[in-house]
Engineer: 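What follows is a structure written as structure tokens; I'll ask about it next.
Chain naming here is simple, since letters A, B, ... match the order of the sequence lines and numbering starts at 1 in each. Nothing here was measured: the structure is a model prediction, and the numbers come from that model.
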2 protein chains.
Amino acid sequence: MDNRSVKALRRVDLARATGCNLETIRYYETVGIMPDPPRTAKGYRSYDDIHVKRLKFVMRSRDLGFSLEEIRGLLGLVDDRSQTCAQVQTVAETHLEDVQAKIADLTRIERVLSETVARCTGDAAPECAVIDALLEG
Amino acid sequence: MDNRSVKALRRVDLARATGCNLETIRYYETVGIMPDPPRTAKGYRSYDDIHVKRLKFVMRSRDLGFSLEEIRGLLGLVDDRSQTCAQVQTVAETHLEDVQAKIADLTRIERVLSETVARCTGDAAPECAVIDALLEG
DNA sequence: CCTTGAGCCTGTATCAACTACAGACCGTAG
DNA sequence: CTACGGTCTGTAGTTGATACAGGCTCAAGG
């Protein structure tokens, strides 16, 4: 009988299965993003597929720029599935607006910066358009 | 005789003149971004126009997303003006590339996020496209 | 049986860039 | 005189990890 899918995983296995840093897993446990896993008689952490799934969820969310606070919220909604969709939509839309605001900020910065750099002669002189812009702003 | 321009400023005056947080000024002093200002007989910090100028430079640079490390570098070039332009150009161009990379990242995130949110029905159901995307990714 | 190496455990320190607070002192106006 | 607002220092907290120290355990190879 094939029970690979319920095989107990060590921490290093979980790290390999997800690509997550070993220490980061423990960090997520201490801050409550990941549950404290069951322990073996000797006190070793013992993981299984649900941990792999949850950690992947967390990593994908982090990859999309959700904060750990936001992820905590999303996980709560996953765990307690009632009225989920509308609430998730709110979290995601708020985050989307944050991301769009950041893009707008960075785009402004990019414009100012590239305009300024373009005025740079790049020679060995002590006069520099970038410095002037920063000094006179 | 009008000597407003050389009037000694207290820390709170410097904060008001620049819009910088009071505590941030001290922080910049401890990390060497701002010089330790002269003290009065009673040990109070005493600032003048050069501090205002320098702090404004720092704040404009921060606003453009330069790290304190990068700003330290720029300030060094301002203080010791020899071969400035070419070196400043290098710092600014590297930073510009960082900014562009961040914009690219965030744009990818924005696309994924808005596509996912668009599939959201937003109703009171426990099924949610966002959660599914994060779970199955 | 013993050693070796890999893995486990905990706790603590470090990073950026601030922010905030505690506890004490000072200086001036009413 | 006392209240208020300012100053000083030192230290802790924030976010999201990452790294290391010091010690324990386990499985495989000789």
Engineer: Can you tell me if the side-chain N/O atoms of B:Arg39 get under 4.0 Å from OP1 or OP2 in D:dT9?
Structural biologist: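 True: B:Arg39 side-chain N/O within range (under 4.0 Å) of D:dT9 OP1/OP2.
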Engineer: Describe the nucleic acid contact of B:Arg72 in one word from base, sugar-phosphate, nothing, applying a heavy-atom distance below 4.0 Å.
Structural biologist: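 Contact class for B:Arg72: none.
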Engineer: What bend angle does the helix from C:dC1-D:dG30 to C:dG30-D:dC1 show across its length, from five-pair end axes and to the nearest 10 degrees?
Structural biologist: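 Terminal axis comparison yields 30°.
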Engineer: What is the distance, to the nearest angstrom, from the CD atom on A:Glu70 to the C1' atom on D:dT15?
Structural biologist: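 About 13 Å, once rounded to whole Å.
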Engineer: Atom CZ of B:Arg10 to atom P of C:dC26: distance rounded to whole Å?
Structural biologist: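 In whole Å, C:dC26 P lies 17 Å from B:Arg10 CZ.
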Engineer: Determine the contact category for B:Arg26: base if any of its heavy atoms lies under 4.0 Å from a base atom, sugar-phosphate if only primed atoms, P, OP1 or OP2 are that close, otherwise nothing.
Structural biologist: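 Contact class for B:Arg26: base.
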Engineer: Rounded off to whole Å, could you give me the CG-to-C1' distance for the B:Leu14 and D:dT7 pair?
Structural biologist: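 So the CG-C1' distance, B:Leu14 to D:dT7, works out to 14 Å.
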Engineer: Indicate if B:Leu135 and A:Leu75 have the same hydrophobic cluster label, given that clusters are the connected sets of ILVMFWY residues with side-chain heavy-atom separations under 4.5 angstrom.
Structural biologist: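 Yes; A:Leu75 is reachable from B:Leu135 via cluster members.
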Engineer: I want to confirm an ordering. Mapping B:Glu23 and A:Asn21 to their closest nucleotides on DNA chain D, which one lands closer to the 5' end?
Structural biologist: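 Whichever sits nearer the 5' end wins; that is B:Glu23.
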Engineer: Would B:Glu29 and B:Arg26 pass as an ion pair if we require N to O under 4.0 Å?
Structural biologist: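 A salt bridge is absent here (no side-chain N lies under 4.0 Å from a carboxylate O).
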Engineer: I need the CG-C1' distance between A:Asp13 and C:dG7, as an integer number of Å.
Structural biologist: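 So the two atoms are 10 Å apart, to the nearest Å.
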Engineer: Heavy-atom nearest nucleotide on DNA chain D for B:Lys42 versus A:Phe66: which residue maps closer to 5'?
Structural biologist: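 Final value for this comparison: B:Lys42.
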Engineer: Do the side-chain N or O atoms of A:Arg11 get closer than 4.0 angstrom to the phosphate oxygens (OP1, OP2) of C:dC9?
Structural biologist: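 So the side chain of A:Arg11 is within the cut-off, an N or O lying under 4.0 Å from OP1 or OP2 of C:dC9.
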Engineer: Under 4.5 Å between side-chain heavy atoms, counting indirect links through other Ile/Leu/Val/Met/Phe/Trp/Tyr residues: same cluster for B:Met34 and B:Leu22 or not?
Structural biologist: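 No, because B:Met34 and B:Leu22 fall into different hydrophobic clusters, even though each may have its own neighbours under 4.5 Å.
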Engineer: Ignoring hydrogens, what is the shortest heavy-atom contact between B:Val130 and B:Cys120? Give both atom names and the distance.
Structural biologist: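 For B:Val130 versus B:Cys120, the nearest heavy atoms are CG2-SG, 4.0 Å.
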Engineer: Should A:Val12 and A:Tyr28 be counted in the same cluster of Ile, Leu, Val, Met, Phe, Trp and Tyr side chains packed under 4.5 Å apart?
Structural biologist: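 No; tracing contacts between hydrophobic side chains, which count when under 4.5 Å, never links both residues.
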Engineer: Send over the distance from A:Glu29 CD to C:dC9 C1', rounded to a whole Å.
Structural biologist: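 My rounded result for the distance is 12 Å.
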Engineer: Which whole-number value in Å describes the distance from A:Leu22 CG to C:dG11 P?
Structural biologist: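 It is 17 Å, rounded to the nearest whole Å.
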Engineer: To the nearest 0.5 Å, what is the distance between CG on B:Leu14 and CG on B:Leu55?
Structural biologist: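 Output value for this atom pair is 5.0 Å.
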Engineer: Is it true that B:Tyr44 and B:Tyr47 fall in one hydrophobic cluster, defined by side-chain heavy atoms closer than 4.5 Å?
Structural biologist: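 No; B:Tyr47 is not reachable from B:Tyr44 via cluster members.
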Engineer: B:Tyr27 has an atom OH; how far is it from atom P of D:dA12, in whole Å?
Structural biologist: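 Between P of D:dA12 and OH of B:Tyr27: 17 Å.
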Engineer: B:Arg54 pairs by side chain to side chain donor-acceptor pair (under 3.5 Å) with which of B:Asp79, B:Thr18, B:Asp49?
Structural biologist: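 The passing option is B:Asp79.
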Engineer: Just N and O in the side chain of A:Tyr44: are any of them under 4.0 Å from OP1 or OP2 of C:dC9?
Structural biologist: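 For C:dC9, OP1/OP2 do not have a side-chain N/O of A:Tyr44 under 4.0 Å.
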Engineer: Is the phosphate of C:dA17 approached by B:Thr24 (side-chain N or O, under 4.0 Å from OP1 or OP2)?
Structural biologist: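 No, B:Thr24 has no side-chain N/O under 4.0 Å of OP1/OP2 on C:dA17.
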Engineer: Does a side-chain N or O of B:Tyr28 approach OP1 or OP2 of C:dC18 to a distance below 4.0 Å, or not?
Structural biologist: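 For C:dC18, OP1 or OP2 has a side-chain N or O of B:Tyr28 closer than 4.0 Å.
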Engineer: Figure out the CG/C1' separation between A:Leu68 and D:dT14, and round it to whole Å.
Structural biologist: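 Atom-to-atom, A:Leu68 to D:dT14, this comes out as 13 Å.
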Engineer: Select base, sugar-phosphate, or nothing to describe what A:Arg45 touches, counting heavy atoms under 4.0 Å on all strands.
Structural biologist: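 Answer is sugar-phosphate: A:Arg45 comes under 4.0 Å of backbone atoms only.
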